[in-house]
Amino acid sequence: MRIALISAYSRPFAIGLRYVSSCLKAAGHDTFMVFMNSAEVAAKADRPSGMMEELLARLDGCNLVGLSLMTNSFRQACAMTRGLRGAGFTAPIIWGGVHPTLQPEECLDHADAVCIGEGEQPMLDLAERLENGDDPTAIPGLWFRAGGGFGNSRPVHNPVGPLTTSLDDLPFPDYELETHWVAEEGRLRPADAGRLRGALHRFTLITSRGCPYQCAFCNNSALRAAHGDPSRWVRLRSLDRVLEEMRYAVDCFPTIREFHIVDDLFFLQDAAAIEGFVDRYNSGPALPLLFQVSPLTVTERKVQAIARAPLKVVIMGIQSGSRDTLYNVFARPTTPDRIAQAIDLLAKYRLPTEYHYIVNNPYESEANVVETLRFVASHHRPAKIIRTFPLMFFPGTPLSERAKADGLIDGSHQLAYEHRSTHAGREIRRDYMTMLMRIVLGLRNAGVPSRVVHAFLDIALRPNVRRVLGSRYVAACGFAAYWVLRRGIRDLVLQPLAKLSRHFKKSPRPARPNPPVKWTVPRKTVRARTQAAC
Ligand code: B12
Ligand code: SF4
């Protein structure tokens, strides 16, 4: 069966959709992928353009279209679906990804079907049943709109299907470039390293699915609930299989310069597995690594082991330094002391770190914000990068439900639909406390001693000082000066220095086959469900 898979994300990574694609290919289906290369291109898909004409020509003969989205690409997915229907495209369109999993009703207003949760098995079943002319509407995990092209005259809401248990049995995500296209302004172009916006420079891969914690602001808690089987929610790939994927990737794509392990928490892998991984990684791909950890999973043995690998950056979500906020607002089972220990360990082994804090939290009392400021003053160690994120109420999360019940947000919190990237400067409320947070983080990052920063806070928190500095005019000027200074230092000092050091530094890449190997998804000759790779 011919199936098109479209990524509505603004950046062409879409690991989940790539997994769906390789499972379909492994089962013998003729699948191709289309990646939007920016939010703007996708948002204009309901208007006539050269890109849409070329896409429609390529969709000719397709029996099914799958579209992948998260909340901030919902509007783009709507535009894309409208654009296809407006141009007379009639084959069924199914949506999947984080947003359809958490907001299926909203998505079913636009798509013919939505996939709740993992998509490999439901898509295999759907393709097989459509191909055999069987009724597709009883497939676990799929919801169908009435009259949506699947033969059902009433809406069908099937319960979610079982989770993929053995991640090692899945084929690698699909990077067969000759079956991939990138939608640019005005054109649909063959995918290559240049058009994939860094996806083949910083190669993303995932070593686990699920997270054992249930932080109230995090989509993971909502996804876990949507999957219905919490006992099996966290699954790990073996790091041998991960290494196999890494080696294959560097053999296929000479452009790869670093690996980004995008797991929620890479340190869910146990210490012995990480030690073994580092030994083999250092004699294998040995490219700089980026990954995320939580203070809860940081242990000395893991940090010591990973410190032996080439590291680009280790990202840790701190979120707050207030015990009350951590426990009673974020439902995050960690204490400021535990976080401080994790910071100390990462510093002890000199890991390059990036720390994240959540600001603009309407549930956080000012006393709690001050606690976080004091925590930063006492414990923050210079990080490569520090980021502050405004609290975002993503649909379906426990905190979003609470905020809805409390009347803080309306039914659909529009900011979550607009939120584009980690650089959410536009969304950050410029209040006095947020400004102080940036200053205090900046001071500590620049190595200003803890007691000096505490003394600065003593003054800045005095009511009369606050009245002057916190006035709208001074705060706005303070923020403007901060951004100008930050940009200036970045563009005029840091970037030229980085360029210079790149110029002198030899690439750490080992020699590799020339010409490169071609990425292929192994095809099975038999299409039956039980014999497919998934
Ligand atoms: C990797 C990742 C990224 C990468 C790549 C994103 C991409 N476009 O591919 C980067 C770093 C770029 C990124 C950025 C952002 N991300 Co992000 N990211 C993730 C992360 C950690 C893993 C996603 C992943 O690959 N999962 C593994 C795969 C196997 O699962 P999956 O994607 O869900 O796919 C499965 C199913 O959903 C389904 N499926 C998916 N598509 C389809 C399509 C069809 C047709 C079908 C049938 C099924 C199907 O089948 C797949 C396989 O089983 C998740 C956290 C998480 N645990 O999901 C957050 C997550 C998706 N990101 C999130 C957010 C908010 C963002 C940002 C907006 C904010 C930010 N942090 O800056 C930006 C926006 C980027 C952009 N402009 O597109 C939220 C999304 C919340 C929401 N409600 O939308 C998540 C859930 C994080 C969280 N816990 O809050 N992200
Ligand atoms: S530890 Fe991280 S990924 Fe896990 S629920 Fe909390 S915020 Fe989400």
Side-chain angles (χ1 to χ4, degrees), residues 3-21 23-24 35-36 38-39 42 64-74 76-77 93-103 111 113-124 126 141-142 163-164 167 170 173 197-199 202 204-206 208-224 226 234 260-265 268 290 292-297 315-317 319 330-334 356 358 387 389 392 394-397 400 416-424 534:
I3 303 167
L5 295 173
I6 302 178
S7 155
Y9 305 126
S10 56
R11 303 186 62 191
F13 297 101
I15 301 178
L17 194 66
R18 289 179 192 273
Y19 270 112
V20 171
S21 176
C23 284
L24 288 168
F35 298 89
M36 297 298 118
S38 73
L64 181 65
V65 171
L67 219 140
S68 188
L69 59 143
M70 53 173 104
T71 304
N72 74 346
S73 35
F74 172 73
Q76 285 82 341
I93 299 178
I94 174 168
W95 285 12
V98 177
H99 192 71
T101 298
L102 301 178
Q103 298 290 292
V114 299
C115 174
I116 321 277
E118 295 184 344
E120 289 91 346
Q121 194 59 55
M123 276 300 269
L124 280 173
L126 184 62
L142 298 188
L163 290 161
T164 308
L167 300 183
L170 293 172
R197 293 191 58 197
R202 177 182 289 176
T204 51
L205 61 147
I206 189 148
S208 64
R209 291 189 186 180
C211 166
Y213 307 110
Q214 295 173 67
C215 305
F217 57 85
C218 176
N219 287 273
N220 187 68
S221 313
L223 290 171
R224 176 189 162 112
V234 180
H260 187 182
I261 298 176
V262 296
D263 303 35
D264 291 318
L265 309 175
L268 286 180
L290 294 86
Q292 281 86 241
V293 296
S294 142
L296 278 160
T297 53
I315 302 160
M316 183 162 81
Q319 322 307 13
F330 291 160
R332 214 166 144 78
T334 185
H356 293 177
I358 292 178
R387 286 196 168 134
F389 292 87
M392 203 58 72
F394 281 107
T397 58
S400 153
Y417 288 73
E418 283 159 18
H419 181 56
R420 285 282 169 81
S421 74
T422 41
H423 310 286
C534 315

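Atoms within a ligand are numbered from 1 in the order they appear, just like the ligands themselves. Here, residue 1 is the first one in the sequence, and each next residue gets the next number.
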Original post:
Would you say the side chain of His356 lies within less than 4.5 Å of the side chain of Ile315, judging by non-hydrogen atoms?
Top reply: yes

Subject >> Val20 versus Gly119, closest heavy-atom pair with distance >> reply: CG2-C, 4.0 Å

Subject >> Option set Gly119, Gly97, Gly16, Cys23, criterion heavy-atom distance to atom 39 (N) of ligand 1, minimum >> reply: Gly97

Subject >> Check: Cys23 and Leu170 side chains under 4.5 Å, non-hydrogen atoms >> reply: yes

Original post:
Which ligand 1 atoms, with their elements, are less than 4.0 angstrom from a heavy-atom of Glu120?
Top reply: 52 (C), 53 (O)

**OP:** Taking only heavy atoms of Val20 into account, list the atoms of ligand 1 that are under 4.0 Å away from them.
**Re:** 50 (O)

Original post:
Which atoms of ligand 1 sit under 4.0 Å from any heavy atom of Ile94?
Top reply: 45 (C)

Subject >> Closest protein heavy atom to atom 8 (Fe) of ligand 2, given as residue, atom name and distance to 0.1 Å >> reply: Cys218 SG, 2.4 Å

Original post:
What are the two closest non-hydrogen atoms of Gln103 and Gly396, and how far apart are they?
Top reply: NE2-N, 4.1 Å

Subject >> Glu118 (side chain) donor-acceptor with Thr164 (main chain) under 3.5 angstrom >> reply: yes

Original post:
By number and element, which atoms of ligand 2 are closer than 4.0 Å to a non-hydrogen atom of Phe217?
Top reply: 7 (S)

**OP:** Within a distance under 4.0 Å of any heavy atom of Met123, pick out the atoms of ligand 1 and give their elements.
**Re:** 47 (C)

Subject >> Atoms of ligand 1 close to Gly66 [distance to a heavy atom under 4.0 angstrom, numbered from 1] >> reply: 45 (C)

Subject >> Close side-chain approach of Leu205 to Ile15, heavy-atom, < 4.5 Å >> reply: no

Original post:
Just which atoms of ligand 1 are under 4.0 Å from any heavy atom in Thr71?
Top reply: 82 (C), 83 (N), 84 (O)

Subject >> Part of Cys218 with heavy atoms under 4.0 Å of ligand 1, whether side chain, backbone, both or neither >> reply: side chain

Subject >> Residue-ligand contact Gln292/ligand 2, heavy atom below 4.0 Å >> reply: no

Subject >> Those atoms of ligand 2 less than 4.0 Å from some heavy atom in Arg332 >> reply: 1 (S), 6 (Fe), 7 (S)

Original post:
What atoms of ligand 2 come within less than 4.0 Å of a heavy atom belonging to Asp264?
Top reply: 3 (S)

Subject >> Any side-chain heavy-atom pair of Ser68 and Leu5 under 4.5 Å >> reply: no

**OP:** Taking only heavy atoms of Ala14 into account, list the atoms of ligand 1 that are under 4.0 Å away from them.
**Re:** 7 (C), 9 (O)

Original post:
With only distance considered, is His260 within less than 3.5 Å of ligand 1 through an N or O on each side?
Top reply: no

Original post:
Between the candidates Gln76, Arg209, Gln103, His99, which shows the shortest non-hydrogen contact distance to atom 29 (C) of ligand 1?
Top reply: Arg209

**OP:** Can you see which heavy atom on Pro100 is nearest to which on Cys115, and at what distance?
**Re:** CB-O, 4.1 Å

Subject >> Side chain to side chain, Leu69 and Phe74, heavy atoms closer than 4.5 Å >> reply: yes

Original post:
Mind checking whether Leu64 and Met123 have side chains closer than 4.5 Å, heavy atoms only?
Top reply: yes

Subject >> Test item: Leu124 and Gln121 side chains (from C-beta on) under 4.5 Å apart, heavy atoms >> reply: yes

Subject >> Ring geometry between Tyr417 and His99 (parallel below 30°, tilted from 30 to 60°, perpendicular above 60°) >> reply: perpendicular

**OP:** Just do the side-chain contact (heavy atoms from CB on, under 4.5 Å) check on Tyr213 and Arg332 with the steps written out, would you?
**Re:** CA-CA 7 Å; Tyr213 307 110; Arg332 214 166 144 78; over 6 Å; no

**OP:** Classify the contact between Phe394 and ligand 1 as side chain, backbone, both or neither, using a heavy-atom distance cut-off of under 4.0 Å.
**Re:** side chain

Original post:
So, is Cys215 placed with an N/O/S atom under 2.8 Å from atom 8 (Fe) of ligand 2, counting both backbone and side chain?
Top reply: no

**OP:** Compare all side-chain heavy atoms of Ser400 with those of Phe394 and state whether any distance is below 4.5 angstrom.
**Re:** no

Subject >> Polar proximity ligand 1 side, Asn219 side, N/O cut 3.5 Å exclusive >> reply: yes

Subject >> Contact with ligand 2 for Phe330, non-hydrogen, under 4.0 angstrom >> reply: no

Subject >> Check: Tyr19 N/O within less than 3.5 Å of ligand 1 N/O >> reply: no

Original post:
Quick one: does ligand 2 sit under 4.0 Å from the side chain of Cys211, the backbone, both or neither, non-hydrogen atoms only?
Top reply: side chain

Original post:
Taking the minimum heavy-atom distance to atom 33 (O) of ligand 1, which of Leu126, Val98, Leu170 ranks first?
Top reply: Val98

Original post:
Do Gln292 side-chain atoms and Asp263 backbone N/O form a donor-acceptor pair below 3.5 Å?
Top reply: yes

**OP:** Number the atoms of ligand 1 from 1 as they appear, then name those within less than 4.0 Å of a heavy atom of Val262, with their elements.
**Re:** 1 (C), 21 (C)

Original post:
Considering Ile15, Ile206, Asp264, which one's heavy-atom position lies nearest to atom 26 (N) of ligand 1?
Top reply: Ile206

Original post:
If only atom types and distance count, is the side chain of Arg224 paired as donor or acceptor with the main-chain N or O of Gly210 below 3.5 Å?
Top reply: no

**OP:** Between Ser221, Gly96, Gly117, Cys115, flag the one that comes closest to atom 38 (C) of ligand 1 by a heavy atom.
**Re:** Gly117

Original post:
Counting heavy atoms only, which part of Leu67 comes closer than 4.0 Å to ligand 1: side chain, backbone, both or neither?
Top reply: backbone

